[in-house]
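One structure below.
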Amino acid sequence: MHTTRTSLLGGGLLALCVATPAVAAWVHAPVPSAYRKDAKTARDASWSPELAALGRQLFHEKRLSRTGEVSCASCHRPELAFTDGKPVAEGVEGRRGMRNTPSIVNRSLGTTQFWDGRAKTLEEQALGPIQNPLEMDMPVDRAVALLNDDDDYRAQFQALTGAPPTAQSLAAALAAYERSVWSVESAYDRYVAGDRSAMSASARRGMKLFNGRARCSECHSGSNFTDEKFHVLGVGTDPGRGGVTGKATDQGAFKTPSLRDLSRTAPYMHDGSMATLDEVVEYYDRGGNPRPNLDHRMTPLRLSEQDEEDLLAFLRALDGNVVELDLPSRVN
């Protein structure tokens with residue numbers, strides 16, 4: 001389910017201040033209460049509803065691609081928890097990338113961006129797909145020129161930043177919108193908030209496995225179920241983090257993804273090579289594929305059939321309502 005109603009956040013938002021049309025007056029991004037304890041990055045980020053509203057327009061703007069046929073939203077669909085349902089991302093002229101499209105849900109909590117962590121912030125990440133030749137294939141200077149040639153966009157940027165569009169303000173607007181997308185009110189969230197009927201007996205057993213014998217929580221930790229670190233799981237031949245750092249120990253390492261809304265984000269793994277959650281659980285159960293630098297935690301789990309069913313039940317209990325914060329329809 002996708003909705004834009006903030007009532008689903010159940011009063012868990014930080015108070016929104018009235019923003020004025022100046023960069024210095026940006027206010028902190030609201031953070032649902034379920035994530036407060038892990039929300040340092042989000043609290044420190046500059047954000048305003050007006051900037052996020054502009055970012056939402058840009059997120060759906062196909063003219064930011066070379067062919068005028070692809071936007072950020074082409075690969076980040078709300079009904080699929082802002083993924084695309086494909087093994088790897090597809091851009092202009094059907095060009096295929098190397099990696100599965102990551103969700104933007106809860107990315108305000110991220111400490112690095114992309115599967116390999118090559119971007120430190122959402123602002124740095126935001127311009128990557130625009131200029132990537134396998135995605136939107138638009139040089140950033142051309143994208144900025146297009147926005148400056150559009151009277152409406154130029155007026156909105158001027159109202160918010162006191163200046164015409166720039167690469168920096170384009171990135172800031174897109175990042176502000178990405179910070180407005182959250183997953184809330186999952187069965188798990190209701191359970192930990194005190195509703196003991198929110199999760200089935202099978203899901204409760206699965207949660208015990210997740211935090212115990214199955215060892216999932218060693219990497220999928222915190223309220224967003226990710227340690228934001230990089231691990232070698234033995235999937236594929238992509239160098240991953242190693243391509244960024246050049247370290248032999250990082251070859252084949254990828255960032256731990258969030259498990260929120262997992263049933264909506266198939267296929268799985270960085271290369272989309274696993275079609276179902278059952279395949280993922282079975283892969284971990286057998287300890288992955290051999291690699292010289294395989295993470296030391298990748299050892300056989302020896303789960304029973306009932307264990308696997310319970311673990312899957314818990315993972316599905318992490319599905320919530322994917323919401324965008326209520327934003328103004330436009331800046332001016």
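- Considering CG of Asp310 and CE of Met207, their distance stands at 12.0 Å, rounded to 0.5 Å.
- No cation-pi contact links Arg77 to Phe82, judged by a cut-off of 6.0 Å to the six-membered ring centre and 45° from its axis.
- Aromatic ring orientation, His270 versus Phe254: parallel (interplanar angle below 30°, classes split at 30° and 60°).
- What you find for Trp115 and Phe230 is that their closest heavy atoms are O-CE2, 3.7 Å.
- Cluster membership for Met136 and Leu134, using ILVMFWY side-chain heavy atoms within less than 4.5 angstrom, is not shared.
- For the pair Pro165/Leu170, no side-chain contact is recorded, criterion being any heavy-atom separation below 4.5 Å from C-beta on.
- Between the side chain of Glu61 and the backbone N or O of Arg63, at least one donor-acceptor pair lies under 3.5 Å.
- A distance-only check finds a donor-acceptor pair linking the side chain of Arg56 to the backbone of Pro328 [under 3.5 Å].
- Between the side chain of Arg260 and the main chain of Asn224, no donor-acceptor pair closer than 3.5 Å is present.
- At a threshold of 4.0 Å, the pair Glu123-Arg179 counts as salt-bridged, since one of the basic side-chain nitrogens sits closer than that to a carboxylate oxygen.
- Contact check for Arg215 versus Tyr284: no side-chain heavy atoms found under the 4.5 Å cut-off.
- At a threshold of 4.0 Å, the pair Arg316-Asp319 does not count as salt-bridged, since none of the basic side-chain nitrogens sits closer than that to a carboxylate oxygen.
- The two residues His231 and Asp227 come nearest to each other via the heavy atoms NE2-OD2, 2.9 Å.
- Looking at every heavy atom in both residues, Gly320 comes nearest to Asp261 through N-OD1, 2.9 Å.
- Checking side-chain atoms of Ser223 against main-chain N and O of Asp38 turns up no donor-acceptor pair under 3.5 Å.
- Aromatic ring centroids of Tyr188 and Phe225 lie under 6.0 Å apart.
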(request) Evaluate the side chain to side chain contact (heavy atoms under 4.5 Å, CB included) criterion for residues Gln251 and Val232: first the C-alpha distance (whole Å), next the side-chain angles of each, then the deciding distance (0.1 Å), finally the verdict. (result) CA-CA 8 Å; Gln251 293 299 311; Val232 178; over 6 Å; no
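- Summarising the geometry, atom NZ belonging to Lys62 is positioned 5.5 Å from atom OG belonging to Ser74; distances are rounded to the nearest 0.5 Å.
- To the nearest 0.5 Å, atoms CZ (Arg241) and OG1 (Thr112) are separated by 6.5 Å.
- Atom CZ of Arg302 is surrounded by 12 or fewer heavy atoms from other residues, nucleotides or ligands within 6.0 Å.
- A salt bridge is absent between Arg286 and Glu279: the closest approach of a Lys/Arg side-chain nitrogen to an acidic carboxylate oxygen does not fall below 4.0 angstrom.
- Crowding of Glu218 atom CD: a count of heavy atoms from other residues, nucleotides or ligands under 6.0 Å exceeding 12.
- Note on ring orientation: taking the six-membered ring where Trp is involved, the planes of Tyr177 and Phe59 are tilted (angle from 30° to 60°).
- For the atom pair CG of Asp152 and CG of Leu147, the computed distance is 10.5 Å after rounding to the nearest 0.5 Å.
- The distance from atom NZ of Lys255 to atom CD of Glu228, rounded to the nearest 0.5 Å, is 4.5 Å.
- Criterion: ILVMFWY side-chain heavy atoms under 4.5 Å apart, direct or through other members. Under it, Leu122 and Val322 are not part of a common hydrophobic cluster.
- Applying the side chain to side chain donor-acceptor pair (under 3.5 Å) definition to pairs two or more places apart or across chains, those involving residues 124-133 are Asn132-Glu135.
- You'll find the side chain of Val184 stays beyond 4.5 Å of the side chain of Asp189, heavy atoms only.
- The hydrophobic clustering, which links ILVMFWY residues whose side-chain heavy atoms are closer than 4.5 Å, places Leu127 and Val70 together.
- Under the 4.5 Å side-chain criterion, counting only non-hydrogen atoms from C-beta, Arg107 is not in contact with Ser258.
- Between Ser273 and Asp271, the side chains place a donor N or O and an acceptor N or O closer than 3.5 Å (distance only, hydrogens not considered).
- Taking the side chain as every heavy atom from C-beta outward, Tyr268 and Tyr283 never approach each other to under 4.5 Å.
- Under the side-chain hydrogen bond (donor to acceptor under 3.5 Å, both in side chains) criterion, Ser180 pairs with no residue at all, not counting sequence neighbours.
- The shortest side-chain heavy-atom distance between Pro49 and Leu325 does not fall under the 4.5 Å cut-off.
- Residues Pro164 and Ser169 come closest through the heavy atom pair O-OG, 4.3 Å.
- Transitive grouping of hydrophobic side chains (ILVMFWY, heavy atoms separated by less than 4.5 Å) brings Val140 and Phe157 into a common cluster.
- When every heavy atom of Leu312 is checked against every heavy atom of Asp278, the shortest pair comes out as CD1-OD2, 3.5 Å.
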(request) Apply side chain to side chain contact (heavy atoms under 4.5 Å, CB included) to the pair Asp116 and Arg99, showing each step before the final yes or no. (result) CA-CA 10 Å; Asp116 57 13; Arg99 295 172 184 165; 2.9 Å; yes
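- Between the side chain of His220 and the backbone N or O of Pro257 there is at least one donor-acceptor pair closer than 3.5 Å.
- The hydrophobic clustering, which links ILVMFWY residues whose side-chain heavy atoms are closer than 4.5 Å, places Val192 and Leu311 together.
- With salt bridges taken as basic N to acidic carboxylate O contacts below 4.0 Å, none links Asp84 and Lys86.
- Contact detail for Ala53 and Leu327: the closest heavy-atom pair is N-CD1, 3.9 Å.
- The CG atom of Leu262 sits 6.0 Å away from the CG atom of Leu315 when rounded to the nearest 0.5 Å.
- Heavy atoms from other residues, nucleotides or ligands lying under 6.0 Å from CD of Gln306 number more than 12.
- A 4.5 Å side-chain heavy-atom check between Leu209 and Arg213 finds at least one atom pair inside the cut-off.
- Counting heavy atoms from C-beta on, the side chains of Asp285 and Asp307 never come closer than 4.5 Å.
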